[in-house]
Amino acid sequence: AVHSVDLNITTDVALKFPDRYRLDVEHEGYSNMSGYFVNDFTLEEVKQLRVKQRVEDTEARSRVFDWLFDVPTLGEIMDLMASWDNDVL
């Protein structure tokens, strides 16, 4: 799941939408931010993106899954959690 409006670090947004880069964006009290921001994209566009781990490769967060998954919606996460309740626990 995406925890920030900033799509720069954890998605392939620059490859898929290079023309959408913005300079000097102010967000939540921070000014002079630059990059790609989720509020500039439709859900359909965000679903085209692939995600990667933000942190370095560790036992808990393997890079083997980088770029394999799209950005999940809240509904998709809730469905996954429900399936874990039914199928795993």
Side-chain angles (χ1 to χ4, degrees):
V2 176
H3 305 281
S4 171
V5 298
D6 181 346
L7 297 172
N8 300 298
I9 297 170
T10 58
T11 74
D12 59 352
V13 68
L15 294 174
K16 296 202 172 139
F17 299 99
D19 60 329
R20 304 286 280 281
Y21 189 85
R22 292 202 304 149
L23 294 171
D24 297 327
V25 176
E26 185 170 332
H27 176 72
E28 295 182 4
Y30 296 98
S31 59
N32 300 325
M33 292 178 62
S34 298
Y36 302 90
F37 302 93
V38 73
N39 51 310
D40 294 328
F41 296 87
T42 66
L43 177 57
E44 182 177 286
E45 290 170 330
V46 171
K47 292 300 284 178
Q48 293 177 44
L49 303 176
R50 293 288 179 245
V51 295
K52 71 173 187 113
Q53 289 291 342
R54 182 177 180 163
V55 297
E56 294 300 315
D57 200 13
T58 67
E59 285 185 34
R61 295 179 182 245
S62 173
R63 292 222 182 259
V64 76
F65 298 109
D66 283 0
W67 314 120
L68 296 180
F69 301 100
D70 64 4
V71 178
T73 64
L74 178 58
E76 290 169 337
I77 292 171
M78 292 173 67
D79 290 344
L80 177 64
M81 298 300 289
S83 74
W84 287 353
D85 283 345
N86 295 330
D87 299 335
V88 177
L89 299 178

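The residues of the chain are indexed from 1 along the displayed sequence. This is a predicted model, so every value here is computed, not measured. As a basis for the values below, the full set of heavy atoms in this structure was taken, side chains included, without hydrogen atoms, waters or symmetry mates.
L43 is linked by a side-chain contact (heavy atoms from CB on, under 4.5 Å) to K47, T73, counting only residues two or more places apart in sequence or in another chain. Qualifying side chain to side chain donor-acceptor pair (under 3.5 Å) partners for K52, counting only residues two or more places apart in sequence or in other chains: none. Taking R50 as the reference, nothing meets the side chain to side chain donor-acceptor pair (under 3.5 Å) condition, with sequence neighbours excluded. Under the side-chain contact (heavy atoms from CB on, under 4.5 Å) criterion, I9 pairs with R54, not counting sequence neighbours. Scored by the salt bridge (charged side-chain N to carboxylate O under 4.0 Å, His left out) test, D79 finds no partners at all (sequence neighbours excluded). For Y21, the ring pair (Phe, Tyr, Trp, His ring centres under 6.0 Å) criterion is met by Y36, not counting sequence neighbours.
Considering only heavy atoms from C-beta on, W67 comes within 4.5 Å of D12 through its side chain. Counting only heavy atoms from C-beta outward, the side chains of S83 and L80 approach each other to under 4.5 Å. D70 has its side chain out of reach of L49: every pair of non-hydrogen atoms, C-beta onward, lies at least 4.5 Å apart. Taking the side chain as every heavy atom from C-beta outward, R22 and D40 approach each other to under 4.5 Å.
Taking hydrophobic clusters as Ile, Leu, Val, Met, Phe, Trp and Tyr residues chained together by side-chain heavy-atom distances below 4.5 Å, L23 shares a cluster with V38. L15 and V13 end up in different hydrophobic clusters when Ile, Leu, Val, Met, Phe, Trp and Tyr side chains are linked at under 4.5 Å.
Grouped by direct or indirect side-chain proximity (heavy atoms under 4.5 Å, Ile/Leu/Val/Met/Phe/Trp/Tyr only), L74 sits with M78.
A distance-only check finds a donor-acceptor pair linking the side chain of D66 to the backbone of Q53 [under 3.5 Å].
Between atom CG of residue D6 and atom CZ of residue F37 there is a gap of 5.5 Å, rounded to the nearest 0.5 Å.
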Using the rule given for side chain to side chain contact (heavy atoms under 4.5 Å, CB included), can you reason through F17 versus Q48, listing the C-alpha separation, both sets of side-chain angles and the distance that settles it, and then say yes or no? CA-CA 10 Å; F17 299 99; Q48 293 177 44; 3.8 Å; yes

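Salt bridge present: E45 and R20 bring a charged side-chain N and a carboxylate O closer than 4.0 Å.
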